[in-house]
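First listed ligand is number 1; within each ligand, the first listed atom is number 1. Both backbone and side-chain heavy atoms feed into the values below; hydrogens, waters and symmetry mates do not.
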Amino acid sequence: MIKILDTTLREGEQTPGVYFDLHIKTAIAEMLDRIGVDIIEAGHPAVSVDIKNAIVQISSLGTKAKIGAHARSVKKDIDLALDCGVNFLGVFFCVADERLNHIDQNLHQAVDNISRIIAYAKEKKPGLKIRYTPEDTVRSKWENVISASAEAVRAGADIISVADTTGYMIPGTDRSFYTYIHRLRSELGKQNLFPLIAVHCHNDRGLALANALDSYRAGADIIDASVMGFGERAGIVDLASLLAVLHSDFDESSSWELDLLPDLYKCVSHYSGIPVPVHFPVTGKNAFTHCAGIHTQAALKNPIHYQSLSPGLFGRQTEITLDHMSGRATIAYALEKIGIQCPSNELIYSVLAKVKEVGRLGRTVDLDELKYIVRLLNPNQYPEFLL
Ligand code: HCA
Ligand code: CU
């Protein structure tokens, strides 16, 4: 079964301007745990004392999810992470030739450093799950990635993460995760090494989720995601979209509490100051809202005509909205919703005309406003006490 790593609190906090206070971080971690993610990457303790304190706090919550710290391949970072009491550690170090030249290291020195650091962490805390990420994996020289990954596993790493740090991969091409993961497994397998494979897909080309699913098809064990796909630049995979597809289309974990996603998104959105885009899959305001007259008419008979995901699964419901796209059936339905049974054609069409007029101003009409419209047009049919 696939494992999900949520990194809203680490990668997500690298979104420009985003900072979650200690109590907010704790609340987010608790919600993620209830939803059922397997690993919560809680932060990079070397960044600041308050981030370190938050990781300590989150590690002490007693979550089912493993709590992870992020660390460079340096002893100081490992000590800080271990001080936090985490049971998951992500060590990253780029082994691309260009990066190694930059820091005046050769591959041999880099690999030696990575394996020493990993062995050190494993020795200090034998139960610790360790992930090694050759940052910018997919654009790094293949031989370098293999050599660093193999030595990392020999030194005690349990997981190798394939990072598409710049969102470079494209499914179905010679830059696909599907091929990469098969090759990586096979190459490490030849050396009798069988780590779990994680994937970290950035969204620079808008393909993060597609790449994550390509990896899933190739048998990846862990997929990274974050709330709203928060992260550096265009971010990474959106957690809710990923869970929705894995659950609805690939029969993955029925124990995920997907109906808690709206609360999580509300919280993250509120405290990051970044609204969930209205058209966002699953969690956006309009994700299950039908608007155009023809759509609404069909969806009212049976939502399946214009819905392939079930809103109830995500604590949502099918909604209709009224604007310049509305038709007769939508208005009749909305009038019944506000208590007017069997509205006359005359009322329906006069309301429709007013709704379209408001819609042309670039607004929608909610049920409260609909009451005001009816009252104005037809005070007798819509008595005051209903207001
Ligand atoms: C970073 C880069 C990273 C690391 C991923 C990982 C990436 O912000 O440090 O350590 O698994 O995209 O490569 O997020
Ligand atoms: Cu990243």
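- Close approach to R10 involves these atoms of ligand 1, each under 4.0 Å from a residue heavy atom: 1 (C), 4 (C), 5 (C), 8 (O), 9 (O), 14 (O).
- Judged by the 6.0 Å and 45° rule, K285 forms no cation-pi pair with F280.
- Contacts between R131 and ligand 1 below 4.0 angstrom, taking non-hydrogen atoms only, involve the side chain exclusively.
- Which parts of ligand 1 touch H202 is read off a 4.0 Å heavy-atom cut-off, strictly below it: atoms 12 (O).
- Given atom 10 (O) of ligand 1, the protein heavy atom at minimum distance is H70 NE2, 2.6 Å.
- Per-residue contacts place A163 under 4.0 angstrom from the following atoms of ligand 1 (heavy atoms of the residue considered): 13 (O).
- Side-chain atoms of D33 come within 3.5 Å of backbone atoms of K64 as a donor-acceptor pair (strictly under, hydrogens ignored).
- Considering backbone and side-chain N/O atoms, S161 never comes within less than 3.5 Å of an N/O atom of ligand 1.
- A 4.5 Å side-chain heavy-atom check between N211 and P171 finds at least one atom pair inside the cut-off.
- By the 30° and 60° cut-offs, the orientation of the rings of F288 relative to F314 is parallel.
- Distances below 4.0 Å separate heavy atoms of Q14 from the following atoms of ligand 1: 8 (O).
- Atoms of ligand 1 lying under 4.0 Å from any heavy atom of E135, numbered from 1 in the order shown and given with element: 2 (C), 13 (O).
- When the Cu ion (ligand 2) is compared with the N/O/S atoms of E11, atom OE1 turns out nearest.
- The Cu ion (ligand 2) lies closest to atom NE2 when only the N/O/S atoms of H202 are considered.
- By heavy-atom distance, the residue among T165, V138, T166 lying nearest atom 13 (O) of ligand 1 is T165.
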